[in-house]
Amino acid sequence: MTPAESGPADPDTVAAARSLTRRFGHHVALDAVDLDVRAGEFLTIFGPNGAGKTTLLRTLATLLRPTSGSISLFGIDPRREPEWIRSRLGLIAHSGLLYGGMSARDNLIFYGRMYSVPDPAGRAARLLTAVGLQDRTADLVRTYSRGMLQRLGIARALMHEPELVLLDEPYTGLDQHAARMLRGLLGTLSGEGRTVIMVTHQLEEGLEISSRLMIMARGRIEHDAPAAGMTRASLERLYHDVVDGAAA
Amino acid sequence: MNPPPAVTPAGAAAPAATPDSQAAHAARADHHAARRARGPDMGVRAELARAALVAAKDLRIEMRSLDNVPAMFFFALLVLVILSFGFDFSTAKFSDVGAGVLWVAFVFPAVLSFGHAFALERDGECLSGLRLTPADAGTLYLGKLAANIVFMLAMEAAILPLSAVLFGYDLAPVLAPLAFVIAVHSVGFCAVGTLFGAMTARTRRGDVLLPILLFSVSVPLMLAAVRTTSAVLNGGGLWDGLTKTWLVMTCLFDLVFTTAAWLSFQYLLEE
């Protein structure tokens, strides 16, 4: 039995994958990925387009079923207790997973109620303030800019106080102000001890805040190391060595 | 820039940031155990409440946007007007052909609604957002079904009196049994339509596939709908002879199809 199948042995391991493979037709998006993420870690996964980062994240989020291999979240196979698992993870995706025909506040309250959050209106108000949208709470989401949508998507993902936060290219389309606010929010999440897994192809983001870095290419994790001591220049060199090496 | 406010409410126990000490390890184990013991609300009542939330959300969006029901209404009205030109009611009685006329006017616009229900979820990847909640997939189906039933019944409630005006028949004496027959068959039609709406939402040419699948599977239901409606328009009782048999069959169809769709919905949503 693999560690991912063996149940809640180590409470420090929040997410684990063993030989995780996902194919789309003949295309292998994830190729026998092994992964262990411990509680409180801020893991950033870098990789070029098509490396399998989003597929890995969506599989961990239980949105995609693995073709083979296994995952465990909080020590449990998500197929066994999907509701419990989903109540503990939050996904910040490319799109905000928000209803354009509803206001920001109504979106958050709706999701809060779906997660049985106590006082969803109060929680929504606090989060809207945290993401700097307190002046646009009643506006329809379809009137929001890309950056505002991303911030609201973050608020949505945090409505139920997830212990594991998954971020898929959160900086895409953000202006400088919104990117700075997002960095602050991620710092807050990290400071609160939440486990964060962020995937991005932007090397300049995530380095300062991450406790661990991975580089993916061609569906495999090619590099996995602590972020401490890594500089922007050394990361860039390493990234190109790894990605070019995987392509060769 | 000031640091953003903490996203954890005051008093909430967050896991410790550093996992090194044994105390932190034990605290985290306790934290997980406590949250796991609390768990999400997963009882039948909680699931029904979530289904009601999904339905209420769809109704709220519709009330704001008026994208769906007015389009269904005008489509149904156009069908009625076109059909009114197609029959010579100086020689034919409405009760002879009215059942077919009414159901054609009801079901074609309803297809628009089934497609729209999941287009709403496809925009902004909201279906993924719903799937990430602790709600059971069957709960999401029941919520979408409830909203579709409300939309279809609203359209039918508006169209029925207009059909009486357009075709000159006396609606009042048959209104109660006719409303019952329409409601029972509409539930079955929505049960099938909601399922196939979800199935075709993520497929190429889903808009073409949806009516083909829907009308293929709904043939027995439509047959029952036309037969029972015809009987009621001709002054027959609901529990007379064959009408009763058709109604019992329809109720069984509603029950079996809703249950099967509820149970199988998670396989439809999986990627």
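What you see is a predicted model; the values in this text were computed from it and never measured. Order of the sequence lines sets the chain letters (A, B, ...), proteins ahead of strands, with each chain counted from 1.
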Residues, nucleotides or ligands: over 12 heavy atoms within 6.0 Å of A/R65 CZ = no

Who are the salt bridge (Lys or Arg N to Asp or Glu O under 4.0 Å) partners of A/R58, not counting sequence neighbours?
-> B/E125, B/E271

Nearest-0.5 Å distance that lies between atom OG1 in A/T62 and atom CG in B/L132 = 6.0 Å

Max heavy-atom pairs within cutoff under 4.5 Å with chain A, candidates B/L127, B/L269, B/L130, B/D123, goes to B/L130

Pairs where residues 144-163 of chain B contributes a residue and the test salt bridge (Lys or Arg N to Asp or Glu O under 4.0 Å) is met, not counting sequence neighbours | B/D58-B/K144, B/E121-B/K144

Has A/R136 got more than 12 heavy atoms of other residues, nucleotides or ligands less than 6.0 Å from its CZ?
-> yes

Is a side-chain donor or acceptor of A/R86 paired with a backbone partner of B/A135 at a separation under 3.5 angstrom?
-> yes

B/P134 side chain reached by A/Y115 side chain, heavy atoms, under 4.5 Å = yes

In Å, rounded to the nearest 0.5 Å, how long is the span from CG of A/L97 to SG of B/C126?
-> 7.0 Å

Looking at A/S95 and B/G124, what are the two nearest heavy atoms and their distance?
-> OG-O, 3.5 Å

Rounded to the nearest 0.5 angstrom, the OH-CZ distance for A/Y99 and B/R60 is 13.0 Å

Check whether more than 12 heavy atoms from other residues, nucleotides or ligands sit under 6.0 Å from atom CZ of A/F24, and answer yes or no.
-> yes

Interface moiety of A/L140 toward chain B, non-hydrogen atoms closer than 4.5 Å = side chain

Minimal heavy-atom distance between A/M114 and B/L140, with the atoms involved, is CE-CD2, 4.1 Å

Part of A/L64 within contact of chain B (heavy atom distance under 4.5 Å) = both

At a heavy-atom separation under 4.5 Å, does A/L89 approach chain B through its side chain, its backbone, both, or neither?
-> side chain

Flag yes if more than 12 heavy atoms outside B/W262 fall under 6.0 Å of its CH2 atom; otherwise flag no.
-> no

Got a second to check how far A/D106's CG is from B/K57's NZ, nearest 0.5 Å?
-> 12.5 Å

Is there a donor-acceptor pair closer than 3.5 Å between any side-chain N or O of B/R64 and the backbone N or O of A/M102?
-> no

